[in-house]
Structures are given as structure tokens and as C-alpha cells.
Amino acid sequence: MALYERVSGPAATKLRSGLHLTNVPASKMLTQQQQRQAAASGSSFMEKPSIGSLFVPTRMQQPRSEASTTARIALPGLRQPTSASDDLGLIMGPHFNQPAMAAAPSTVKPKLRLSWAGSGIYFWWQLGAVQYLMQHFQLSKVPMVGASGGGLAAMLATCEVDPEEVMESAYKLSKEHGIWERPLGLMGTWGYVIEEWLHELLPADAAERCRDQVGIVVTQLPFCNQVSISDFSDKSDLINVAMASAHVPLFLDWKMSRPCRGVQCVDGSFPDFFINDNCEMLKCGGNAVMFDYFHDTNIVRNGRMDMLELKKFSEFKKIILLGYRFAQRLHEQGEFERFDVRGVSKQLII
């Protein structure tokens with residue numbers, strides 16, 4: 001059926017004002033009075049054109065603004081133009097009643113996101129990565145997720161705490177607590193040192209900075225459900241969630257678990273350690289740059305449990321350097337190019 005058989009009255013007037021009609025003789029166009037008479041008598045004065053005489057709408061040669069656009073008439077089976085360039089390419093022909101072709105897959109890049117896996121003592125490797133990333137990105141604007149030591153790295157990175165300050169504070173507290181003189185090293189006392197360290201390092205508005213920006217994964221007992229928490233009420237709540245995420249049973253403070261939001265919790269990467277894989281919350285569907293020390297072949301491991309071993313301070317510095325170089329390699333190899341880094345890349349900020 002031809003278009004002018006379907007549209008009459010004001011709609012037809014709008015249509016004609018926005019389109020040039022070609023291949024339709026002027027004698028075939030009816031006045032509004034004739035159309036009303038035809039409707040009252042139940043007859044039609046219109047002569048149906050052949051398929052070959054269907055008109056071709058073209059855009060009027062007039063400027064177009066966002067606020068003022070030519071009215072469009074919706075036709076069954078016809079894809080509607082969505083832009084000025086679409087208008088120029090919209091042609092009605094013999095196949096206008098066929099379904100519109102599917103749109104091409106989107107090529108929009110996802111926003112940059114960082115993921116920090118459970119790390120134990122290799123938190124210092126992640127800190128080296130943070131040090132490199134701070135030189136190239138505004139980390140306070142980059143969404144992150146982390147578990148265990150990785151949760152600490154995400155929190156400190158988002159609050160933009162200087163890695164040098166992090167290291168100096170840890171060294172000072174470790175000396176005060178006699179960590180290197182203790183027969184059991186970190187065993188049973190690490191938790192108290194970390195909590196004091198976080199209170200010292202994090203700014204007063206840490207919860208506001210991390211809220212809905214950082215997800216910290218905890219493992220809830222008794223069924224080992226891994227959940228990500230990001231709605232922090234204040235600095236103390238943020239630290240408590242981080243400590244629950246880093247709670248290795250017995251190792252931190254001789255306790256099996258830590259209460260968090262009314263539930264007993266353990267290390268956020270606790271189940272991951274046994275299945276030798278990261279949980280889906282850390283994988284982010286593949287739409288994140290992940291920092292997992294298992295991925296760095298330059299780290300010389302000393303067994304699977306070495307992430308809980310106390311190391312000399314000079315060794316910590318070497319681990320930090322390895323993390324820095326790992327992040328640098330990822331950057332140079334183009335790992336960040338698959339993400340939209342506008343607004344967070346320091347190279348793009350003018």
C-alpha cells in the first residue's frame with residue numbers, strides 16, 4: 001500500500017513539509033476535503049500506484065538542530081533513521097516491507113577496571129604495580145575489585161596513598177613489633193600490625209573515596225560464599241571489611257574468622273586457593289586488567305605457601321620492583337589499549 005493511502009490530515013501535512021515526493025503526479029494528491037468525503041462515503045478516489053512508482057524521500061536542504069528535527073512517520077518493517085547520515089541513506093524501494101537487517105556488533109571499548117587477586121606477602125608485588133600505574137593513570141577514578149592482600153592494594157591505590165609512604169610505615173611498625181626477631185615471624189601478630197598500619201595510612205575520607213569505587217571480596221562462613229562489598233559507611237567500616245578479606249584463619253590473630261556485617265568471614269580468596277583459580281568477581285568477565293602474582297614468571301617461588309613467609313626488608317624491595325616491571329610490560333604490550341582510558345589516562349589529560 002502506498003504511503004499517502006495511510007497518512008492523511010495533519011500528519012500528511014507534516015510529512016510533505018519534511019520530504020520531497022517524487023514519482024507521484026500532482027493529480028493523485030487529494031485535498032483534505034476530498035479525503036473527508038471519501039471517508040464519509042466509504043469509497044476512495046485514490047488510484048493505487050504500482051510498486052515501481054513508490055516515492056523516494058530525501059532530506060530537505062535545511063539546517064537541522066538537536067532541538068528541531070523533521071517529524072518522522074513510522075512505517076511497519078522499515079528501520080527508522082537515527083541520525084542525519086541515516087536520513088541521507090534511507091531509501092524506500094520494493095523491499096521496504098522486509099525486516100530490517102541486524103545492526104553491526106558494537107565496538108565500544110569498556111571502561112578501564114583493575115582487579116587485584118589474593119596475594120599474601122605478594123601484596124608488595126602489587127604495590128610495585130600500583131607505583132607504576134600511578135605514574136600513568138588517575139587511579140582514584142578507576143573502578144577496582146580486590147581480595148585479601150589485593151583488597152588492600154585496591155583501597156590504597158584508590159586513596160592515592162604514596163607507595164613509598166606505605167613501605168616506610170610498614171617497616172617502622174614491623175620494627176616496633178619486633179617482627180624479624182619473633183620465632184614465628186608474622187604468625188599470630190600480622191593482623192594487629194596490618195590494622196594499625198591501615199589506620200595510620202588511610203585518609204579520614206577513605207570510605208567516601210572507596211564507596212562504590214572499590215569492591216572488596218570476603219568469604220562468608222559456613223558455606224564459603226564469596227561476596228563483594230563496596231558500601232562502606234566510614235573509615236573504620238572500610239578497614240574492618242579489608243581485614244575480613246585478608247583474614248587467613250589462625251595466621252593473623254590466632255582466630256578462625258573475623259566478624260563482618262554480622263557474618264563470620266575469612267580471606268576473600270580462600271576458596272580460590274583450593275581450586276587454583278580466581279573467582280568470577282575478580283575475573284570481571286574478562287573486562288579488567290588483573291594483577292595476580294601467579295602470572296609473573298619472573299617471581300622465584302618457594303612452594304605454594306610462600307605467600308605467608310616472612311622475608312627480609314631487602315627482599316620486599318625486590319618484590320616491589322618485580323611488580324613495577326610487570327605492570328610496565330603489560331602497558332607496553334598494549335594490555336590497556338582494549339579499554340577506554342579517557343578521563344583516567346594522564347597521557348590524555350591536557
Side-chain angles (χ1 to χ4, degrees), residues 109-137 139 142-158 163 166-167 170 213-219 226 228 242 245-246 248 251 266-311 315-341 344-345:
K109 294 181 179 180
K111 293 288 186 180
L112 176 62
R113 178 184 294 269
L114 301 178
S115 175
W116 306 89
S119 53
I121 207 73
Y122 289 104
F123 156 83
W124 299 101
W125 176 87
Q126 292 176 328
L127 184 69
V130 168
Q131 188 173 34
Y132 175 84
L133 294 174
M134 277 185 169
Q135 297 170 1
H136 299 273
F137 301 96
L139 296 186
V142 179
M144 303 185 197
V145 61
S148 190
L152 305 183
M155 191 169 53
L156 293 167
T158 298
V166 172
M167 186 171 59
Q213 188 75 0
V214 175
I216 299 180
V217 180
V218 301
T219 301
Q226 290 171 288
S228 178
S245 179
V248 179
F251 188 80
V266 294
D267 192 289
S269 61
F270 191 67
D272 300 348
F273 180 79
F274 294 101
I275 64 173
N276 201 29
D277 194 12
N278 290 301
C279 66
E280 294 303 319
M281 281 172 283
L282 291 175
K283 291 180 180 178
C284 302
N287 289 325
V289 178
M290 178 176 283
F291 290 89
D292 184 343
Y293 67 95
F294 273 86
H295 298 164
D296 191 349
T297 57
N298 290 329
I299 294 179
V300 178
R301 303 289 305 281
N302 184 28
R304 201 149 181 263
M305 296 296 294
D306 70 336
M307 80 287 195
L308 298 179
E309 286 183 0
L310 178 62
K311 300 182 185 298
E315 292 182 84
F316 286 140
K317 290 185 175 181
K318 292 178 181 178
I319 293 173
I320 290 173
L321 182 58
L322 287 174
Y324 182 97
R325 289 175 175 171
F326 180 84
Q328 183 177 29
R329 285 198 304 276
L330 288 185
H331 199 191
E332 292 173 351
Q333 291 168 4
E335 175 63 18
F336 294 85
E337 293 177 5
R338 60 191 180 98
F339 296 96
D340 181 358
V341 297
V344 298
S345 173

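Sorted by first then second residue, the salt bridge (Lys or Arg N to Asp or Glu O under 4.0 Å) pairs that include residues 110-130, not counting sequence neighbours, are Lys111-Asp340.
Between Lys318 and Val300, every side-chain heavy-atom pair lies at or beyond the 4.5 Å cut-off. Side-chain contact check for Val130 versus Val166: every heavy-atom pair is 4.5 Å or farther apart. For the pair Cys284 and Val145, the minimum side-chain heavy-atom distance is below 4.5 Å.
Of all heavy-atom pairs between Met134 and Ala157, the closest is CE-O, 4.1 Å. The two atoms that bring Ala147 and Ser269 nearest to each other are CB-N, 4.1 Å, heavy atoms only. Leu112 and Val344 get closest at one heavy-atom pair: CD2-CG2, 4.3 Å. Of all the heavy atoms in Trp125 and Tyr293, the pair that sits closest is CZ3-N, 3.6 Å. Smallest separation of non-hydrogen atoms from Met307 and Ser119: CB-O, 3.6 Å. Closest heavy-atom contact between Trp116 and Leu282: O-CD2, 3.7 Å.
Residues forming a side-chain hydrogen bond (donor to acceptor under 3.5 Å, both in side chains) with Glu315 (at least two apart in sequence, or on another chain): none. For Asp292, the side-chain hydrogen bond (donor to acceptor under 3.5 Å, both in side chains) test picks out Asn278, with sequence neighbours left out. By the salt bridge (charged side-chain N to carboxylate O under 4.0 Å, His left out) test, Asp272 is found to be paired with no residue, residues two or more places apart in sequence or in another chain being considered. By the side chain to side chain contact (heavy atoms under 4.5 Å, CB included) test, Lys317 is found to be paired with Met167, Phe313, residues two or more places apart in sequence or in another chain being considered. Residues satisfying the ring pair (Phe, Tyr, Trp, His ring centres under 6.0 Å) criterion with Tyr132, sequence neighbours excluded, are His136, Tyr324, His331. With sequence neighbours left out, Phe316 forms a ring pair (Phe, Tyr, Trp, His ring centres under 6.0 Å) with Trp124. Remark: Arg325 engages no residue in a salt bridge (charged side-chain N to carboxylate O under 4.0 Å, His left out) (not counting sequence neighbours). Residues forming a salt bridge (charged side-chain N to carboxylate O under 4.0 Å, His left out) with Glu332 (at least two apart in sequence, or on another chain): none. Residues passing the side-chain hydrogen bond (donor to acceptor under 3.5 Å, both in side chains) test with Gln213, sequence neighbours excluded: none. The side-chain hydrogen bond (donor to acceptor under 3.5 Å, both in side chains) search around Asn287 returns none, not counting sequence neighbours.
Ser115 places no side-chain N or O within donor-acceptor distance of the main-chain N or O of Lys283, the cut-off being under 3.5 Å. At least one donor-acceptor pair closer than 3.5 Å links the side chain of Thr219 to the backbone N or O of Asp267. Side-chain atoms of Gln126 never come within 3.5 Å of backbone atoms of Gly151 as a donor-acceptor pair (strictly under, hydrogens ignored). Side-chain N or O atoms of Ser245 include one that pairs as donor or acceptor with a backbone N or O of Val217 at under 3.5 Å.
In this structure, CE on Met290 lies 12.0 Å from CG on Leu330, to the nearest 0.5 angstrom. Rounding to the nearest 0.5 Å gives a distance of 12.5 Å between CD1 of Ile275 and CZ of Phe270. Here CD of Glu337 is found 7.0 Å from NZ of Lys109. Values are rounded to the nearest 0.5 Å. Considering OG1 of Thr297 and CG of Leu322, their distance stands at 10.0 Å, rounded to 0.5 Å. The distance from atom OH of Tyr122 to atom CG of Leu308, rounded to the nearest 0.5 Å, is 10.5 Å. Rounding to the nearest 0.5 Å gives a distance of 10.5 Å between CG of Leu133 and CD of Gln131.
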